[in-house]
Amino acid sequence: MIGFDEKKQIFKIDTPNSSYVMGIVGGEYLAHLYYGQRIEVNDLGYLLDFPEEDLINASVGNGEKVSFMDRLPHEYPCHGTGDFRQSCLKVRGPQGNWGVDLRYAGYEIVSGKPELDGLPATFGDDGETLAITLRDDCLVLKVKLLYSVFPGIDCVMRSVSVENQGTDMLYLEEVLSACLNVGEGDCEALSLTGSWARERHITRQKVDVGVQLIESARGISSHQHHPFYALVSEHAGQESGEVYGMHFVYSGSFQGIVEKSQHGSHRMVMGIHPQDFCWQLKSGESFQAPEVVLVYSGTGLDAMTRNLHELYREHLLPRKWVYQKRPVLINNWEATYFDFDQDKLLAIAKEAAGHGIEMLVMDDGWFGRRDSDNSSLGDWKVNEEKLRGGLKKLVDGVNALGMKFGIWFEPEMISPDSEVYRAHPDWALRLPGREPAQSRNQLVMDLSRPEVREYVYESVAGILRSANISYVKWDMNRPLTDVGSSYLPADRQGELMHRHTLAVYELQGRLCREFPDLLLENCASGGARFDPGMLYYSPQIWCSDDTDAIERLAIQEGTQLLYPLSVIGAHVSDCPNHVLGRSVPFETRAVVAMAGTFGYELDITKISEEERAAIPAQVKRYQAYAPLIQQGDYYRIASYQDNHYYDCYQVVSKDKKTSILMFVQVLAQVNRPSRTIRLKGLAIDRDYQIDGKVYSGEALMKAGLVMKRPHGDFRGEIIEISMFSR
Ligand code: GLA
């Protein structure tokens with residue numbers, strides 16, 4: 001899959017449908033030559049013969065070095081030595097100035113994929129990895145570019161490490177993880193954008209000369225932008241057009257840039273946000289930048305989606321959980337908010353157990369004096385006025401009903417009104433001489449301090465050791481501001497943002513090791529830290545605080561573009577919806593929540609008798625579909641965001657024997673009796689049964705299924721499709 005043509009000085013990485021090609025220019029510079037549809041031949045040396053007028057050749061001498069540097073499609077561009085486009089590496093040397101000039105120094109191809117120190121990353125023994133070494137002899141800096149592939153998947157995983165091999169101290173002010181140079185043509189930049197309760201809406205913008213940027217400088221991957229950028233050919237659709245995607249396996253501040261240069265070519269970069277970042281690299285030390293997943297599709301967005309889904313299922317999600325059915329849960333947040341006690345929770349659990357629900361999750365409010373969001377974060381001791389007899393008694397009571405028990409934490413936070421803050425005000429991030437800014441009445445723990453990390457770990461682990469707890473919801477409800485630490489010296493304050501993210505990884509990794517059966521769900525004010533980095537530790541992430549089924553269609557469509565359905569936390573909540581005030585039929589809410597890790601977020605003792613009675617069948621249906629939802633191939637059929645009337649997608653089992661079609665009519669239309677839906681992913685030469693009728697797979701995919709339009713707005717249904725043998 002990976003080869004080097006020594007004579008022609010060409011590296012070629014092949015995946016089933018794509019090729020990635022680099023070459024060494026003049027024996028010195030590593031250039032990006034091609035990424036796109038797979039090329040079978042290996043004779044690609046001519047790609048290095050840049051026409052003289054296009055690229056002033058390096059061998060011409062030093063007189064036109066700047067023009068050369070500014071035109072060459074550098075594989076890993078550096079700051080300060082002539083390439084004025086977006087760079088990936090900026091280093092401040094011992095004299096306080098900037099400038100890196102990397103030259104090719106060697107390569108290695110190994111089987112497997114090395115782990116990235118302290119960072120989540122894709123893994124798998126069946127991979128193959130190319131490591132290319134570049135050096136700057138002046139700074140005595142070694143840069144290692146890693147490229148890994150796995151069989152059967154059209155993705156290339158990239159990462160970068162930087163090593164100070166000299167004796168002077170160096171300061172890394174920018175270490176992005178990947179750059180991709182793409183040729184000319186009309187392109188659009190596709191990203192996922194949003195806000196609280198409106199995460200990951202698909203957004204497309206025409207790319208013109210200049211730069212476009214997505215970013216988070218908030219210390220979390222954020223509600224606003226997602227660490228994913230794609231350059232797509234104009235009007236690329238589900239099944240047509242070229243797509244170049246970059247997905248960052250990281251959960252902190254990031255930056256993605258698409259640039260169209262003066263010469264009309266495109267460059268895309270992705271990595272840790274250089275803002276507020278400066279990493280001190282002592283002699284002999286290395287810095288490991290996180291992984292970027294590159295994905296190419298020559299046949300539209302569907303193929304990109306299926307490749308990413310497959311990659312994350314097979315090479316990123318925790319092995320124990322990836323295909324294990326998750327318990328159908330009921331969470332008390334929207335049911336009670338902070339106003340609950342032992343009896344209320346047990347009453348909900350009892351009713352839920354009687355209706356087939358498998359786990360009770362006790363959300364925020366069980367500790368310290370937390371009766372609202374203005375106190376007690378950090379005081380992780382059970383409030384025995386609320387939970388009389390303690391946590392174990394409640395957990396045992398829930399277990400006795402045949403249910404599992406789950407619990408909420410927000411470990412990275414500290415309330416100014418807490419015992420722990422009063423004892424350790426220096427445990428919060430703050431700038432000297434300033435009162436730190438609060439958000440939701442809380443401050444952020446300084447996780448660069450080893451004793452804080454230990455305290456946080458023991459707080460969570462101590463509770464987990466005290467009772468039979470099966471699940472943790474790990475929440476994070478504010479961005480990082482006032483990023484200062486009284487622990488780190490002045491010239492290492494620029495490490496704090498990244499150190500926070502590394503600490504979260506360390507804590508979650510440790511928790512998963514001590515409690516191997518724990519089901520961990522990440523959350524950040526809904527979906528503000530929904531990214532591949534967190535998925536390495538938790539097989540599911542709460543998608544959004546917006547549980548309105550119709551808004552969820554857009555949020556889930558954007559999320560499904562990159563992530564397998566089995567990782568998307570989705571619950572049925574009460575109506576009118578607490579965020580939007582909209583009322584949607586109970587059945588539609590269940591249809592929409594089936595797209596993820598199904599559960600309920602309501603007071604089951606208070607909803608109508610009719611709704612309660614519908615729950616057992618919904619739970620059973622989810623349980624029956626769970627293997628298909630977890631393992632099947634996802635196909636987007638229609639987007640309510642585009643057509644304004646209906647939303648539709650399909651999941652098809654790998655053997656093409658079973659499929660479900662999720663359909664939601666958002667707006668009814670007068671005098672339009674039927675709608676024809678072209679199905680996808682079925683076997684063209686087999687028959688299928690739908691509602692007792694038999695159709696050919698070919699006809700269903702070409703001519704389509706004629707569906708009766710439901711009566712009224714917000715009507716959801718699931719259509720079962722199964723292969724039929726005569
Ligand atoms: C965040 C989460 C919610 C809930 C609350 C509790 O907003 O996204 O699901 O847990 O915190 O305070």
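Starting from 1, each residue takes its place in the sequence as its number. Atoms within a ligand are numbered from 1 in the order they appear, just like the ligands themselves.
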What verdict does the side chain to side chain donor-acceptor pair (under 3.5 Å) test give for Ser221 and Arg218, after you've listed the backbone C-alpha separation in whole Å, the side-chain angles of each residue and the deciding distance to 0.1 Å? CA-CA 7 Å; Ser221 43; Arg218 297 164 189 261; over 6 Å; no

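- How far CE of Met246 is from OG of Ser191: 14.0 Å, rounded to the nearest 0.5 Å.
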Can you pull every nitrogen or oxygen pair between ligand 1 and the protein closer than 3.5 angstrom?
{"unit_1": "ligand 1", "atom_1": "7 (O)", "unit_2": "Asp545", "atom_2": "OD2", "d": "3.0"}
{"unit_1": "ligand 1", "atom_1": "8 (O)", "unit_2": "Gly526", "atom_2": "N", "d": "2.8"}
{"unit_1": "ligand 1", "atom_1": "8 (O)", "unit_2": "Asp545", "atom_2": "OD1", "d": "2.6"}
{"unit_1": "ligand 1", "atom_1": "8 (O)", "unit_2": "Asp545", "atom_2": "OD2", "d": "3.2"}
{"unit_1": "ligand 1", "atom_1": "9 (O)", "unit_2": "Lys473", "atom_2": "NZ", "d": "2.7"}
{"unit_1": "ligand 1", "atom_1": "9 (O)", "unit_2": "Asp545", "atom_2": "OD1", "d": "3.4"}
{"unit_1": "ligand 1", "atom_1": "10 (O)", "unit_2": "Asp363", "atom_2": "OD1", "d": "2.6"}
{"unit_1": "ligand 1", "atom_1": "10 (O)", "unit_2": "Asp363", "atom_2": "OD2", "d": "3.3"}
{"unit_1": "ligand 1", "atom_1": "10 (O)", "unit_2": "Trp408", "atom_2": "NE1", "d": "3.1"}
{"unit_1": "ligand 1", "atom_1": "10 (O)", "unit_2": "Lys473", "atom_2": "NZ", "d": "3.0"}
{"unit_1": "ligand 1", "atom_1": "10 (O)", "unit_2": "Asp475", "atom_2": "OD2", "d": "3.3"}
{"unit_1": "ligand 1", "atom_1": "11 (O)", "unit_2": "Asp475", "atom_2": "OD2", "d": "2.9"}
{"unit_1": "ligand 1", "atom_1": "11 (O)", "unit_2": "Asn477", "atom_2": "ND2", "d": "3.2"}
{"unit_1": "ligand 1", "atom_1": "12 (O)", "unit_2": "Asp364", "atom_2": "OD2", "d": "2.6"}
{"unit_1": "ligand 1", "atom_1": "12 (O)", "unit_2": "Arg440", "atom_2": "NH1", "d": "2.9"}
{"unit_1": "ligand 1", "atom_1": "12 (O)", "unit_2": "Arg440", "atom_2": "NH2", "d": "2.9"}

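- Using bins of under 30°, 30° to 60° and over 60° for the plane-to-plane angle, the ring pair Trp366/Phe409 lands in the perpendicular bin.
- With Glu551 as the fixed residue, the side-chain contact (heavy atoms from CB on, under 4.5 Å) test singles out one of Val592, Val579, Leu580, Val584: Leu580.
- Below 30°, between 30° and 60°, or above 60°: for His247 and Phe228 the angle between ring planes is above 60°, a perpendicular geometry.
- Proximity of Asp446 to Trp427: side-chain heavy atoms (C-beta onward) are nowhere separated by under 4.5 Å.
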